[in-house]
Amino acid sequence: MLTIVIRIFLYSLILSISAGFVFLDSTQLQSAEDSYTEMAQEAMLFLIAIIGWFYSRKTDQYKTFILFLVAFSSVFFIREFNNYLSDNFFKGAWQVGVLIILIPSIIYFYKKRVLLKSDVLALKETAPFGIIMLGGILLIVFSRIYGNKHIWMNFMGDNYLRMIKEVSEESIELMAYTVIFIGFIELLFLSKRIQNKS
């Protein structure tokens, strides 16, 4: 029972810190693309990629799925810098960066498809997998629909402000990344527990 209470407290704390970045943006009047919210998203993606990469080198437990999350996070990390890369290098520079990671990843996971499938089947009934999938769906499905400009134009009418739409959408994305991060940490603990029993 104590571990459940601790988990609820820690999840609440992590999500509260994420919400705190949105609050900071509201007081600093940052733009959506140059905000604490964006920096928090980038930090979480970076941490998943780096921690996952180093952890995968020390374990065989769910290694392929962990590396899948590393690749996923790396692609989205580069995507978060789309404006910076386009403004400072060339239009579409972020797409080149994504392809540099995506193409080798597709080849790697095609070769490791049996191991990846095995990891997914082993994890499909676990809490970490469910949390990660929920975060992914929030990020890829819900936030895209939620951020549709027509929804916000309908709400605000003639008072439509693009920045309000963007800040709100970025906040949902931050929540999704936070959920994925929580699931990722839970996955590492699960992997460690199983490895210690072996």
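Atoms considered below: every heavy atom in the structure, side chains included; atoms not considered: hydrogens, waters and symmetry mates.
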Show me, pair by pair, the donor-acceptor contacts under 3.5 angstrom made by side chains of residues 68-76, not counting sequence neighbours?
unit_1: S73; atom_1: OG; unit_2: L69; atom_2: O; d: 2.8
unit_1: S74; atom_1: OG; unit_2: V70; atom_2: O; d: 2.8

With no hydrogens and no angle check, just 3.5 Å: does a side-chain donor-acceptor pair link T37 and E170? no
In terms of side-chain heavy atoms, does S56 have a donor or acceptor partner in Y62 at a distance below 3.5 Å? no
In terms of hydrophobic clustering (I, L, V, M, F, W, Y; side-chain heavy atoms under 4.5 Å; direct or indirect links), are I140 and F77 co-clustered? yes
Is the side chain of S16 donor-acceptor paired with the backbone N or O of S12 at a distance under 3.5 Å, no angle test? yes
Less than 4.5 Å apart, side chain to side chain, heavy atoms only: is that true for I66 and L188? yes
Is there a path of hydrophobic side-chain contacts, each under 4.5 Å between heavy atoms of I, L, V, M, F, W or Y residues, that connects M133 with F142? no
Between F65 and F129, ring centroids under 6.0 Å: yes
Cluster check V179, I48: I/L/V/M/F/W/Y, side chain < 4.5 angstrom: no
Are I132 and L116 connected in a single hydrophobic cluster, I mean Ile/Leu/Val/Met/Phe/Trp/Tyr linked by side-chain heavy atoms less than 4.5 Å apart? yes
Would you kindly confirm whether M163 and M153 end up in one hydrophobic cluster when ILVMFWY residues are joined by side chain heavy atoms under 4.5 Å apart? no
Do Y55 and Q61 have side-chain N/O donor and acceptor atoms under 3.5 Å apart? no
If you look only at distance, which donor and acceptor atoms sit under 3.5 Å apart when one is on a side chain in residues 89-109 and the other is two or more places apart or in another chain?
unit_1: S105; atom_1: OG; unit_2: I101; atom_2: O; d: 2.7

Going through the checks in order, is the side-chain contact (heavy atoms from CB on, under 4.5 Å) test met by K149 and R162? CA-CA 8 Å; K149 69 177 181 179; R162 186 167 180 260; over 6 Å; no
Let me see the working for E173 and E80 under side-chain contact (heavy atoms from CB on, under 4.5 Å), right down to the final yes or no. CA-CA 11 Å; E173 285 185 18; E80 288 298 326; 3.7 Å; yes
Run the side-chain contact (heavy atoms from CB on, under 4.5 Å) test on S191 and K63 for me, step by step, so that the C-alpha distance in whole Å, both residues' side-chain angles and the decisive distance to 0.1 Å come before the verdict. CA-CA 9 Å; S191 169; K63 178 177 182 170; over 6 Å; no
For R144 and E169, what are the C-alpha separation, side-chain angles and deciding distance, and is it a side-chain contact (heavy atoms from CB on, under 4.5 Å)? CA-CA 8 Å; R144 297 295 169 255; E169 184 182 2; 3.8 Å; yes
Output yes when a side-chain donor or acceptor of R7 lies under 3.5 Å from a complementary backbone atom of I4, and no otherwise. no
All heavy atoms of L47 vs all of F181, minimum pair found to be CB-CE1, 4.0 Å
Closer than 3.5 angstrom, by distance alone: can the side chain of W152 be matched with the main-chain N or O of L161 as a donor-acceptor pair? no
pair W53-L67: side-chain heavy atoms closer than 4.5 Å: yes
Please check if any side-chain donor atom of S168 sits under 3.5 Å from a side-chain acceptor atom of Y146, or the reverse. yes
How long is the straight-line distance from CD1 of I50 back to CZ of F46, given to the nearest 0.5 Å? 4.0 Å
Is the shortest side-chain heavy-atom distance between F155 and I151 below 4.5 Å? yes
State plainly whether the residues R79 and E42 are in salt-bridge range, i.e. N to O under 4.0 Å. no
Do any N or O atoms from the side chain of K112 and from the backbone of T64 form a donor-acceptor pair under 3.5 angstrom? no
Donor-acceptor pair, D25 side chain versus S35 backbone, under 3.5 Å? no
Do L190 and L123 have side-chain heavy atoms sitting under 4.5 Å apart? yes
